[in-house]
K.L.:
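Below: one structure in structure tokens.
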Amino acid sequence: MINTRRNFVNKLMLGLFSVATFVALVPLFALLGYVIKNGITSLNLDFFTKLPAVMGMSGGGMANAIAGTLILIAIASIIGIPIGILVAIYLTEYDRYSWLSTTVRFTTDVLTGIPSIIIGIVVSMAIVAKTKHFSAFAGGVSLAVIMIPLVIRSTEEMLKLVPHAIREAGYALGISQRRIILNIVLPTAAKGIITGAMLAVARVSGETAPLLFTALGNQYWTHSLFKDPIASLPVQIYTYATSPYDEWHRQAWAGSLVLIAIILCLNLIARFAFRSRSN
């Protein structure tokens with residue numbers, strides 16, 4: 001009787017979990033399918049190699065926006081990921097319960113919920129207004145500010161999952177705390193840390209609002225990361241999608257598809273690199 005009841009409950013819960021998984025996947029694949037359907041027809045060699053066409057004219061591409069998006073992601077990652085990981089190491093390994101760590105965690109949670117447009121305005125006042133230039137650097141900083149709290153929280157949770165007995169074993173062998181963190185704790189949590197960092201990258205890759213205030217946009221190639229506005233796929237997609245031209249609408253769908261593909265490739269590269277390192 002007891003086994004029968006357990007089997008029934010097990011099958012019931014398994015069925016509920018399967019239904020929940022299916023419900024969660026339906027909108028995801030519906031979105032991907034819709035973007036692929038509308039964007040695949042506008043993808044061609046010109047889209048990846050040419051600059052945007054003159055307003056109202058057909059043809060052209062988003063080569064500068066694709067390159068600009070990769071540059072902005074690189075700048076944001078170079079700034080945001082190391083800072084986020086270092087702060088998480090401090091909170092987990094050095095100072096868990098003091099007033100400072102509590103304040104940092106609270107600030108991180110608050111920063112996670114701040115609208116990205118507010119971050120864009122603040123960075124614009126701090127960098128663009130001071131330098132008198134929209135720039136890739138200002139855009140990268142605004143994206144990095146969005147990334148940092150995400151990386152901190154995800155890295156902190158991954159480090160907490162590393163058993164404390166591993167650290168104690170290192171101390172028993174006379175290994176310094178720095179070496180334990182670098183050679184034991186971080187490699188153990190590396191997969192989760194990388195996954196969290198990639199989620200943060202995916203989160204900022206589609207941000208438009210902060211880039212409107214910092215990077216602005218550019219119809220041409222950018223020659224300076226500190227003095228010239230830079231094109232990006234999110235801003236270009238927004239501009240094209242709100243235009244009255246059908247050709248630009250089609251290119252906006254193509255840009256959306258490329259942006260999704262970039263995020264997917266970044267995740268696959270990170271996972272492949274970690275797997276190769278583990279082997």
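Quick note: residue numbers are just sequence positions, from 1.
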K.L.:
Mark yes when over 12 heavy atoms from residues, nucleotides or ligands other than Lys160 sit less than 6.0 Å from its NZ; otherwise mark no.
P.N.:
yes

K.L.:
Please tabulate, one pair per line, all N/O donor-acceptor pairs under 3.5 Å involving side-chain atoms of residues 49-77, not counting sequence neighbours.
P.N.:
{"unit_1": "Thr49", "atom_1": "OG1", "unit_2": "Leu45", "atom_2": "O", "d": "2.8"}
{"unit_1": "Asn64", "atom_1": "ND2", "unit_2": "Asn218", "atom_2": "O", "d": "2.9"}
{"unit_1": "Asn64", "atom_1": "ND2", "unit_2": "Tyr220", "atom_2": "O", "d": "3.4"}
{"unit_1": "Thr69", "atom_1": "OG1", "unit_2": "Ala65", "atom_2": "O", "d": "2.9"}
{"unit_1": "Thr69", "atom_1": "OG1", "unit_2": "Leu233", "atom_2": "N", "d": "2.7"}
{"unit_1": "Ser77", "atom_1": "OG", "unit_2": "Ile73", "atom_2": "O", "d": "2.8"}

K.L.:
Identify whether Ile83 and Tyr94 are in the same connected component of the hydrophobic contact network (ILVMFWY, side-chain heavy atoms under 4.5 Å).
P.N.:
yes

K.L.:
Indicate yes or no for a side-chain donor-acceptor contact from Thr108 to the backbone of Val104 under 3.5 Å, with no hydrogens or angles considered.
P.N.:
yes

K.L.:
Quick one: pull up OG in Ser205 and CD1 in Ile260 and give me the separation to the nearest 0.5 Å.
P.N.:
11.5 Å

K.L.:
Search all heavy atoms of Thr222 against all heavy atoms of Ala231 and return the closest pair with its distance.
P.N.:
OG1-N, 4.3 Å

K.L.:
Measuring only between side-chain heavy atoms, which start at C-beta, is Val128 closer than 4.5 Å to Phe213?
P.N.:
no

K.L.:
From Arg179 CZ over to Leu173 CG, what is the distance, rounded to the nearest 0.5 angstrom?
P.N.:
14.0 Å

K.L.:
Does Leu43 reach the side chain of Phe48, with side-chain heavy atoms less than 4.5 Å apart?
P.N.:
yes

K.L.:
For the hydrophobic clusters of this structure (ILVMFWY residues joined by side-chain heavy atoms under 4.5 Å, transitively), does one cluster hold both Val23 and Leu16?
P.N.:
no

K.L.:
Gly206 and Leu259: which non-hydrogen atoms are nearest, and at how many Å?
P.N.:
CA-CD2, 4.1 Å

K.L.:
Over all heavy atoms of both residues, which pair between Glu93 and Gln177 is shortest? Give the atoms and the distance, please.
P.N.:
O-NE2, 2.9 Å

K.L.:
Contact between Asp228 and His133 at the side-chain level, heavy atoms closer than 4.5 Å - yes or no?
P.N.:
no

K.L.:
Mind checking whether Trp99 and Phe106 have ring centres under 6.0 Å apart?
P.N.:
no

K.L.:
To the nearest 0.5 Å, what is the distance between NZ (Lys227) and NZ (Lys132)?
P.N.:
15.0 Å

K.L.:
Determine whether Phe137 and Thr131 make a side-chain contact, defined as any pair of heavy atoms from C-beta on separated by less than 4.5 Å.
P.N.:
no

K.L.:
Is there a side-chain contact between Thr102 and Tyr97 in this structure, where contact means two heavy atoms from C-beta onward sitting under 4.5 Å apart?
P.N.:
no

K.L.:
Out of curiosity, Leu225 CG to Ile230 CD1, how far, rounded to the nearest 0.5 Å?
P.N.:
6.5 Å

K.L.:
Using side-chain contact (heavy atoms from CB on, under 4.5 Å), reason through Thr214 and Val141 one step at a time and then give a plain yes or no.
P.N.:
CA-CA 9 Å; Thr214 53; Val141 169; over 6 Å; no

K.L.:
Is it the case that more than 12 heavy atoms not belonging to Tyr34 sit under 6.0 Å from its OH atom?
P.N.:
no

K.L.:
Between Tyr90 and Leu86, is the side-chain contact (heavy atoms from CB on, under 4.5 Å) condition met? List the steps.
P.N.:
CA-CA 6 Å; Tyr90 173 78; Leu86 290 175; over 6 Å; no

K.L.:
Would you mind writing out the side-chain donor-acceptor pairs for residues 148-159 within the sub-3.5 Å range, not counting sequence neighbours?
P.N.:
{"unit_1": "Arg153", "atom_1": "NE", "unit_2": "Asp109", "atom_2": "OD1", "d": "3.4"}
{"unit_1": "Arg153", "atom_1": "NH1", "unit_2": "Glu156", "atom_2": "OE1", "d": "3.1"}
{"unit_1": "Ser154", "atom_1": "OG", "unit_2": "Leu150", "atom_2": "O", "d": "3.0"}
{"unit_1": "Ser154", "atom_1": "OG", "unit_2": "Val151", "atom_2": "O", "d": "3.2"}
{"unit_1": "Thr155", "atom_1": "OG1", "unit_2": "Val151", "atom_2": "O", "d": "2.7"}
{"unit_1": "Glu156", "atom_1": "OE2", "unit_2": "Arg105", "atom_2": "NE", "d": "2.6"}
{"unit_1": "Glu156", "atom_1": "OE2", "unit_2": "Arg105", "atom_2": "NH2", "d": "3.1"}

K.L.:
Just wondering, do Arg250 and Thr41 contact through their side chains at under 4.5 Å, heavy atoms?
P.N.:
no

K.L.:
Once you round to the nearest 0.5 Å, how far does CG of Asp95 lie from CG of Leu100?
P.N.:
6.0 Å

K.L.:
Looking at every non-hydrogen atom in both residues, tell me the closest pair between Pro82 and Ile79 and how far apart they are.
P.N.:
CD-O, 3.8 Å

K.L.:
I'd like to check Ile263 versus Val201 (side-chain heavy atoms, cut-off strictly below 4.5 Å). Are they in contact?
P.N.:
no

K.L.:
Which heavy atom of Ala252 sits nearest a heavy atom of Tyr240, and at what distance?
P.N.:
CB-CB, 3.8 Å

K.L.:
Please step through side-chain contact (heavy atoms from CB on, under 4.5 Å) for the pair Asn10 and Arg6, ending with a clear verdict.
P.N.:
CA-CA 6 Å; Asn10 180 62; Arg6 287 178 176 175; over 6 Å; no

K.L.:
What about Leu14 and Leu25, same hydrophobic cluster or not, with Ile/Leu/Val/Met/Phe/Trp/Tyr joined at side-chain heavy-atom distances under 4.5 Å?
P.N.:
no

K.L.:
Taking atom CD1 of Ile117 and atom CG of Leu212, what is their separation to the nearest 0.5 Å?
P.N.:
8.0 Å

K.L.:
Locate the shortest heavy-atom distance separating Val185 from Val162; write the atom from each residue and the value.
P.N.:
O-CG2, 4.0 Å

K.L.:
Give the cluster check for Phe29 versus Ile40: same hydrophobic cluster or not, with ILVMFWY residues linked at side-chain heavy-atom distances below 4.5 Å.
P.N.:
yes

K.L.:
Counting N and O atoms only, with roles assigned by atom type, does the side chain of Ser42 sit under 3.5 Å from a partner on the main chain of Gly39, one being a donor and the other an acceptor?
P.N.:
no

K.L.:
Side-chain contact, heavy-atom cut-off 4.5 Å: Thr188 with Leu161?
P.N.:
no

K.L.:
Could you give me the CA-CA distance, side-chain angles and deciding distance for Ile89 and Leu186, then say whether side-chain contact (heavy atoms from CB on, under 4.5 Å) is met?
P.N.:
CA-CA 9 Å; Ile89 291 174; Leu186 287 179; 3.9 Å; yes

K.L.:
Does Ile121 share a hydrophobic cluster with Leu111, counting links as ILVMFWY side-chain heavy atoms below 4.5 Å and allowing steps through other members?
P.N.:
yes

